[in-house]
Chemist: 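Below is the structure I would like to discuss, written out as structure tokens.
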Amino acid sequence: MFDSTRSDKIFQVINYAFLGFILLIVLYPLVFVLSASLSSPELLLKGEVWLLPKGLSFDSYARVFSNKDILTGYLNTIKYTIIGTAINVLMTIAAAYPLSRRDFVGRGVLTVFMVFTMFFSGGLIPTFILVRDLGMYNSMWALILPSAVSVWNVSIMRTFFQTSVPFEIQEAAMIDGCSNIGILVRIVLPLSLPIILVMIMFYSVSHWNSFFSALIYLTDRAKYPLQVILREILIQDHMGEMIDTFDEGIIRQMLLAEGLKYAVVVVANLPVLMIYPFIQKYFIKGMTLGGLKG
Amino acid sequence: MKRRHFGAQSTAVTVRRILKNWDLYLLILPVVAYFLVFHYYPMYGVQIAFKNFFANRGILGSPWVGLRHFERFFNSYYFWRLLRNTLGIGLYELLVGFPIPIILALSINEVAHKRFQRFVQNVTYAPHFLSTVVLVGMVFMFLSRTNGVVNNVIEFLGGERISFMTEPKWFKTIYVLSGVWKNMGWNSIIYLAALSGVDPELHEAAKVDGASQFQRIRHINLPAIIPTIVILLILNAGRVLSVGFEKVYLMQNSLNMEASDVIATHVYRTGLLGAQYSYAAAVGLFNSIVNFIMLISVNRIARRLNETSLW
């Protein structure tokens, strides 16, 4: 017949080669951005940076931190992320806990009521009109309230409550005269810290990265979050490429702006990069718990 | 179901159970209010798609015009272009973006060195946390005609520099591949979780029978994750026409419009920038309905073909 151990060895080699290729593809752009941000802009623009920083320089970072728009955007984003995430997590707990209780009458109906919104929506225009009519146009609340709860995250949290906090313990507390809210605060939540961390991470990353709501609801430049400023720096500036320009001054300007782009990408993702190693073991659990129980 | 026989008594029991848990209802009340206001009210408001909406007359006070906005959309010059682009990007993404995380998960699962396995996982998950703005910004930087790395390589190899971002023919490929780069690792998590549930004894038995590693993947691991694949395929099929607005919008420019104009950006442009609320709401509603029909039909097909379905 055929030699299975030999074919297994070949398979292993191919498999490692494949994963090596994937690693290269994912890592290279990330490493390049970091190296480019630390290189001198002139060498970067001559195309001399390939993998490691050339002519180590912190000029680009100095330019980032002296840019008023970026600083304001950063502070705004921090504010929106903290307030938004706090509301998200409280609302998610408020939805998930009752739905996790098997003695909660109406949980089937309420689940359908929420899940339906995942598959059908009124669309952008009616939502926009509503937000405007509620007087939230050009206010922070337009970025926070319309996405106060994610059905997917409620489902993750409910599954966690059901599988990790035995209902029998809760029943025992009920017999001792503990109220439902008391059970939630004193028994369920202390046992659910890992999932609360996952929720904080999911929601805060989505606030940190959110761009669209700010684009459509904010008009006041002083309220712009980081992503809107980033777009101006990273993308709109690139439109200049469409016009063929030979003006030395403009080219010089573009050259300097180029180094800034790489540094700003690093700075914008710094908070996520810093917490990533600490939370990665939790979010895998969160993702898998999400269960496909929709 | 037995309780049905004691109608009155069971109603009393239900009422008592509701009263006993009154504080749970109080707890969930703000959530219910949120869904009513921010999700169900816009569904009610979508009736402006059949009206001529005037802000000062409100949703109810605006006059009905029937299907006029829909007719205008179906007959417009943009209709086929929008449908072609939206469907084209959606299907391209499904075709390329859907299988890759499955292959990646099957491959990661075969790695014997646990530390290398974790390393691959952590690296491939990382891009998921980049924002769309940063991702598109990076795409612009790497593909830039004047100084992007990709064009530097092309020139180095003796090729001609390409203006990737302004040529319509490159748009869909760049859109899909950058999405794969960002999400393949993250999307593989769910398959890896399903794979970790495979009974090791199945593999031992197959080994005794002389099955090669590849045969074991094909006949043990792959079947084990088929239910997960089917569920995710249904969910993705329901989204085929809801190509993410943000990314398309950010990558769009006047030169690649022929390939990049999709329903979502058309709604944004005509509705919010052009203030044609009713027309844009009609276009958006058309999109929602098509998505919903897709979801239901794929779910039905899946239910008929095998036992797995969403409901």
Chemist: Taking every heavy-atom pair that is under 4.5 Å apart, which of A/Ile216, A/Ile129, A/Val264 has the most such pairs with chain B?
Modeler: A/Ile129
Chemist: Do you know which of A/Val265, A/Leu134, A/Ile181 has the most heavy-atom pairs with chain B at a distance under 4.5 angstrom?
Modeler: A/Ile181
Chemist: B/Leu273 versus chain A, heavy atoms under 4.5 Å apart: side chain, backbone, both or neither?
Modeler: neither
Chemist: So, does A/Asn180 use its side chain to make a donor-acceptor pair with the main chain of B/Leu24 at under 3.5 Å?
Modeler: no
Chemist: Could you give the distance from CE (A/Met114) to NE2 (B/His39), rounded to the nearest 0.5 Å?
Modeler: 10.0 Å
Chemist: Any side-chain heavy atom of A/Leu19 sitting closer than 4.5 Å to one from B/Leu104?
Modeler: yes
Chemist: Would you mind telling me which of B/Phe156, B/Tyr25, B/Phe116 has the largest number of heavy-atom pairs within less than 4.5 Å of chain A?
Modeler: B/Tyr25
Chemist: So which of B/Tyr277, B/Tyr268, B/Tyr34, B/Phe292 has the biggest tally of heavy-atom pairs under 4.5 Å with chain A?
Modeler: B/Tyr34
Chemist: Which distance, rounded to the nearest 0.5 Å, do you find between the CG of A/Leu99 and the CG of B/Leu27?
Modeler: 10.0 Å
Chemist: For the residue pair A/Ser121 and B/Ser288, establish whether any side-chain heavy-atom pair is separated by less than 4.5 Å.
Modeler: yes
Chemist: Quick check on B/Ala264 against chain A: is it the side chain, the backbone, both or neither that has a heavy atom closer than 4.5 Å?
Modeler: neither
Chemist: In terms of heavy-atom pairs under 4.5 Å, which option from A/Phe116, A/Phe128, A/Tyr16, A/Phe113 contacts chain B the most?
Modeler: A/Phe113
Chemist: Give, as side chain, backbone, both or neither, the part of B/Tyr41 having an atom under 4.5 angstrom from any heavy atom of chain A.
Modeler: side chain
Chemist: Identify which of B/Leu272, B/Val134, B/Asn152 forms the greatest number of heavy-atom pairs closer than 4.5 Å to chain A.
Modeler: B/Leu272
Chemist: At their closest point, which heavy atom of A/Leu234 faces which heavy atom of B/Gly137, and how far apart are they?
Modeler: CB-CA, 3.9 Å
Chemist: Taking side chain as everything from C-beta outward and backbone as N, CA, C, O, which of these in B/Tyr40 sits under 4.5 Å from a heavy atom of chain A? Side chain, backbone, both or neither.
Modeler: side chain
Chemist: On the 0 to 90° scale, with breaks at 30° and 60°, tag the B/Phe142-A/Tyr28 ring pair as parallel, tilted or perpendicular.
Modeler: perpendicular
Chemist: Measure B/Val153 against the heavy atoms of chain A and call it side chain, backbone, both or neither at under 4.5 Å.
Modeler: both
Chemist: First locate atom CD1 of A/Ile125, then atom OG of B/Ser278, and finally report the distance between them rounded to the nearest 0.5 Å.
Modeler: 9.5 Å
Chemist: Name the region of A/Leu145, side chain, backbone, both or neither, that has any atom closer than 4.5 Å to a heavy atom of chain B.
Modeler: both
Chemist: Considering all heavy atoms of both residues, which atom of B/Ser107 and which atom of A/Phe18 are nearest to each other, and what is their separation?
Modeler: OG-CD2, 3.4 Å
Chemist: Between chain B and each of A/Gly20, A/Ser179, A/Pro29, count heavy-atom pairs under 4.5 Å; write down the option with the most.
Modeler: A/Pro29
Chemist: Rounded at 0.5 Å granularity, tell me how far CZ in B/Phe119 sits from CG in A/Leu27.
Modeler: 5.5 Å
Chemist: Below 4.5 Å, heavy-atom pairs only: which of B/Leu130, B/Leu36, B/Ile103 has the largest tally toward chain A?
Modeler: B/Leu130
Chemist: Enter the distance from B/Asn21:CG to A/Phe104:CZ here, rounded to the nearest 0.5 Å.
Modeler: 7.5 Å
Chemist: Minimum heavy-atom separation for A/Arg231 to B/Leu250, with atom names?
Modeler: CG-CD2, 3.6 Å
Chemist: Are A/Phe211 and B/Thr132 side-chain neighbours, meaning at least one heavy-atom pair lies under 4.5 Å?
Modeler: no
Chemist: Any side-chain heavy atom of B/Val15 sitting closer than 4.5 Å to one from A/Val105?
Modeler: no
Chemist: Flag the one option from B/Tyr249, B/Phe214, B/Tyr44 with the top tally of heavy-atom pairs under 4.5 Å to chain A.
Modeler: B/Tyr249
Chemist: Sort A/Val205 into side chain, backbone, both or neither according to what part of it lies under 4.5 angstrom from a heavy atom of chain B.
Modeler: side chain
Chemist: Donor-acceptor pair, A/Tyr97 side chain versus B/Ile28 backbone, under 3.5 Å?
Modeler: no
Chemist: Heavy-atom cut-off 4.5 Å, strictly under: side chain, backbone, both or neither for B/Val32 against chain A?
Modeler: both
Chemist: For the residue pair B/Glu110 and A/Gln12, what are the closest heavy atoms and their distance?
Modeler: O-NE2, 3.8 Å
Chemist: Do B/Met251 and A/Ile235 have side chains that approach each other closer than 4.5 Å (heavy atoms only, starting at C-beta)?
Modeler: no
Chemist: Of all the heavy-atom pairs spanning A/Lys261 and B/Met141, show the shortest one and how long it is.
Modeler: CB-SD, 3.6 Å
Chemist: What's the separation between atom OG in A/Ser7 and atom CD in B/Gln213, rounded to the nearest 0.5 Å?
Modeler: 8.5 Å
Chemist: Suppose we call two aromatic rings close when their centres sit under 6.0 Å apart. Are A/Phe212 and B/Phe245 close by that rule?
Modeler: yes
Chemist: With respect to chain B, which residue among A/Val149, A/Val49, A/Val272, A/Ile25 yields the maximal number of heavy-atom pairs within a distance under 4.5 Å?
Modeler: A/Val149
Chemist: Between B/Met184 and chain A, which part of the residue has a heavy atom less than 4.5 Å away: side chain, backbone, both or neither?
Modeler: side chain
Chemist: Quick check on B/Ile289 against chain A: is it the side chain, the backbone, both or neither that has a heavy atom closer than 4.5 Å?
Modeler: both
Chemist: Does the side chain of A/Phe120 reach to within under 4.5 Å of the side chain of B/Asn291, using non-hydrogen atoms?
Modeler: no
Chemist: If you tally heavy-atom pairs under 4.5 Å against chain B, which of A/Ile22, A/Thr117, A/Leu110, A/Thr92 wins?
Modeler: A/Thr117
Chemist: Heavy-atom cut-off 4.5 Å, strictly under: side chain, backbone, both or neither for B/Lys20 against chain A?
Modeler: both
Chemist: Contact part of A/Asn269 toward chain B, heavy-atom cut-off under 4.5 Å: side chain, backbone, both or neither?
Modeler: side chain
Chemist: Check salt bridge (charged side-chain N to carboxylate O under 4.0 Å, His left out) between A/Arg101 and all other residues, then give those that pass, not counting sequence neighbours.
Modeler: A/Asp103
Chemist: Of all heavy-atom pairs between A/Gly122 and B/Val46, which one has the smallest distance, and what is that distance?
Modeler: O-CG2, 3.3 Å
Chemist: For the CZ atom on A/Arg132, are there more than 12 heavy atoms of other groups (residues, nucleotides or ligands in this structure) within a distance under 6.0 Å?
Modeler: yes
Chemist: With a 4.5 angstrom heavy-atom cut-off, is it the side chain or the backbone of A/Trp50 that approaches chain B, or both, or neither?
Modeler: side chain
Chemist: Heavy-atom distance under 4.5 Å to chain A: side chain of B/Pro30, backbone, both or neither?
Modeler: both
Chemist: Taking B/Val111, B/Ile48, B/Asn151 one by one, which has the highest count of heavy-atom pairs under 4.5 Å against chain A?
Modeler: B/Val111
